[in-house]
Amino acid sequence: MKFLEYEAKELLRPHGVPLPPSGGVIKTAAGLPAALRRAGKGPWVIKAQVLAGGRGKAGGIKLAKTAAQAKAAAKSIIGMNLVTHQTKGQGIKVREVLVEGAAKIEREIYFSILIDRRGACPVVVASAEGGMEIEKLAEEKPQAILRLPFDPVAGLRDYEARRLAFDLKIPAQRVGEFVKLAKALATVFIQYDCSLLEINPLAFTPKGLLALDAKLITDDNALFRHQELAKKTDHETSSLEREARKADISYIGLDGNIGCMVNGAGLAMGTMDTIVLAGGRPANFLDVGGSADEERVTRAFQIILKDSKVKAILVNIFGGIVKCDMIAAGILAAVKKVKLKVPLVVRLQGTNVEQGRRLLASSSLSVVQAEDLWDAAQKAVQAAQNNGHRNGAAS
Ligand code: GDP
Ligand code: MN
C-alpha cells in the first residue's frame with residue numbers, strides 16, 4: 001500500500017524522526033488560518049498530497065511568506081490537476097494539501113531504504129546529491145549513489161550508520177544526529193514491512209536535520225499484521241479492487257476491453273500476454289484462486305462485468321485440483337446467474353477436460369470454446385472487436 005506524504009510522516013513522527021512543524025491537512029482554503037496557526041509562524045510550505053513524486057517542479061509545492069501568499073497557494077493547488085514526470089502523461093487531481101512550517105535548507109541529501117531482492121535483505125540507498133531526481137542521478141552519475149545492505153533482524157547498526165554518514169560527508173558535529181535518524185528510519189522500515197521508505201530531501205537546516213518529504217510503501221502481503229495500516233484508505237486501489245479483495249479474489253483493473261478470469265497468478269499473466277500478442281488488451285488481471293467453484297466464478301463474473309469497458313470475457317482455467325467438468329458446470333451456473341450479455345470464450349485444460357467441454361457444448365448458453373490459449377486469445381480479441389462495433393453502431 002502506498003501512503004501519502006502526511007500519512008508517512010504521521011507514522012515516522014512517534015519514532016523520533018525529525019519533521020517540520022505540521023499544520024495538518026486541509027481540503028479547502030477555509031481551513032487554512034487554523035492550519036497556519038498549528039504550523040507556527042511562517043514562512044510556510046503548502047504541499048499537494050498525491051501519490052506521485054516531482055510535485056515541486058510541477059507546481060504542487062509552494063512556499064509562502066505571508067498568510068495571503070499561503071491562501072493564494074492553497075487555492076491554486078487544491079483542485080489542480082497535477083502532472084508530474086511520474087504521472088505518465090495524465091494528471092492527478094489534488095484533493096488535499098499539507099501545511100507545514102517551511103525549513104531553511106542548507107543542503108539536501110537523498111536517503112531511502114528498499115528491499116534488495118537479490119541480496120534478500122533491506123538496503124539503504126543514499127546520495128549526498130539530494131534534491132535531484134534519483135533516477136536521473138542513477139543514469140548520469142551512478143557513482144554518487146551509495147548502497148548499504150543491512151540485516152533485517154539486527155537493524156541498522158551504529159557503525160553502519162556512521163559509515164554512511166562518513167560516505168555522505170556529513171560534518172562531524174552532525175554525525176550523531178544522522179545516526180539516530182538513519183536508525184529510526186530503518187526501524188520504521190522493518191516494523192511496518194515496508195518495500196520502500198524514501199526521504200528526499202533529507203535536509204540540513206540551522207535547526208538540525210529534517211525529513212522534508214516522505215514516501216512510504218508497505219507490502220500488502222504483510223497487511224494482516226498491521227491492523228492500523230489496513231484500516232487506512234488505499235488511495236491507489238479502485239472500489240472494484242477493494243470489492244475483489246473482500247471476496248478474496250486477486251483483481252487489478254487495466255485499460256483494455258477483454259475481461260479475464262484465470263486460476264493462478266502465473267497463468268493469469270500468461271493469459272494477458274497472449275491477449276496482447278493476439279492484438280487485444282486485457283481489461284483486468286484476475287486470479288480466482290485454486291477453487292474455481294460456482295460461487296467464486298459468479299463473484300468473479302460480477303466483478304469483471306462492473307467494468308463497463310469489458311466487451312468480451314476470456315476464461316482460462318486449468319483443472320488441476322478441481323476437475324474441468326466441475327468448472328464447466330460452475331461457469332454455466334454463474335453465466336445464468338449473472339445473465340451474461342457479453343461474448344464468453346472459455347479455454348479449459350486438465351483433468352476431465354473432455355467431459356467439461358461436452359457440458360459447455362451441450363448447453364443452450366452461448367459459450368465459445370477454444371482449443372488452446374492462442375486460439376482462445378484470438379477468439380476473445382475477435383469477439384471484443386465485433387461487440388465493440390455493434391455497440392458503436394447502436395449508439
Ligand atoms: P516532490 O517534488 O514531490 O519530491 O516534493 P518535496 O516534498 O520533495 O519538495 C520538493 C522541493 O521543494 C524540495 O526538494 C525542496 O527543494 C522544496 N521544499 C520542500 N519543503 C521545503 C521547505 O520547507 N523549505 C524550502 N526552502 N524548500 C522546501
Ligand atoms: Mn521529494
Side-chain angles (χ1 to χ4, degrees), residues 2-13 17-26 32 35-36 38-67 69-70 73-74 76-78 80-88 90-114 125-138 144-145 168 181 185 194 196-217 235-236:
K2 283 188 186 167
F3 294 91
L4 291 167
E5 177 190 3
Y6 80 91
E7 296 174 309
K9 285 178 169 172
E10 277 167 16
L11 289 173
L12 294 173
R13 202 180 292 278
V17 174
L19 297 163
S22 175
V25 165
I26 54 169
L32 186 66
L36 293 179
R38 285 192 295 268
K41 69 176 185 49
W44 301 275
V45 57
I46 313 290
K47 312 185 78 177
Q49 296 301 290
V50 292
L51 289 176
R55 296 164 301 166
K57 278 191 195 135
I61 296 196
K62 290 206 164 96
L63 279 167
K65 288 204 181 98
T66 63
Q69 280 178 3
S76 75
I77 298 174
I78 297 172
M80 86 184 282
N81 195 43
L82 197 64
V83 184
T84 84
H85 69 101
Q86 289 189 355
T87 58
K88 297 176 199 143
Q90 293 172 336
I92 307 182
K93 197 166 163 103
V94 181
R95 300 191 186 281
E96 42 192 5
V97 293
L98 170 64
V99 179
E100 282 184 340
K104 213 168 157 195
I105 304 176
E106 293 163 348
R107 191 184 145 192
E108 297 184 324
I109 57 181
Y110 176 92
F111 189 100
S112 71
I113 306 175
L114 43 135
V125 173
S127 175
E129 305 193 21
M132 194 170 156
E133 289 156 31
I134 193 74
E135 296 87 348
K136 216 178 199 166
L137 196 61
I145 299 177
L168 289 168
L181 173 52
L185 292 171
C194 296
L196 174 75
L197 173 55
E198 183 189 75
I199 308 295
N200 185 27
L202 180 59
F204 287 69
T205 77
K207 289 184 191 141
L209 289 169
L210 274 184
L212 280 197
D213 188 10
K215 190 184 241 182
L216 187 138
I217 308 176
H235 305 287
E236 238 187 358

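Side chains included, hydrogens not; waters and symmetry mates left out as well; all remaining heavy atoms used. Atoms within a ligand are numbered from 1 in the order they appear, just like the ligands themselves. Position 1 is the first residue of the sequence, and the numbers go up from there.
For the pair Pro20 and Leu212, the tightest heavy-atom approach, listed with the atom from each and the gap, is CG-CD2, 3.6 Å. Minimum interatomic distance between Lys62 and Ser76 (heavy atoms only, all atoms of both residues): NZ-OG, 3.2 Å. Smallest separation of non-hydrogen atoms from Leu63 and Ala102: CD2-CB, 3.5 Å.
In Asp213, the N, O or S atom that comes nearest to the Mn ion (ligand 2) is OD2.
Within the 4.5 Å cutoff, no side-chain heavy atoms of Leu202 are placed close to those of Tyr110. Cys194 has its side chain within reach of Leu216: a pair of non-hydrogen atoms, C-beta onward, lies under 4.5 Å apart.
The residues lining ligand 1, counting any heavy atom closer than 4.0 Å, are Val45, Lys47, Gly53, Gly54, Arg55, Gly56, Ile61, Leu63, Ala102, Ala103, Ile105, Glu108, Asn200, Pro201, Leu212, Asp213.
In this structure, Thr84 contributes its side chain and Gly53 its backbone to a donor-acceptor pair below 3.5 Å.
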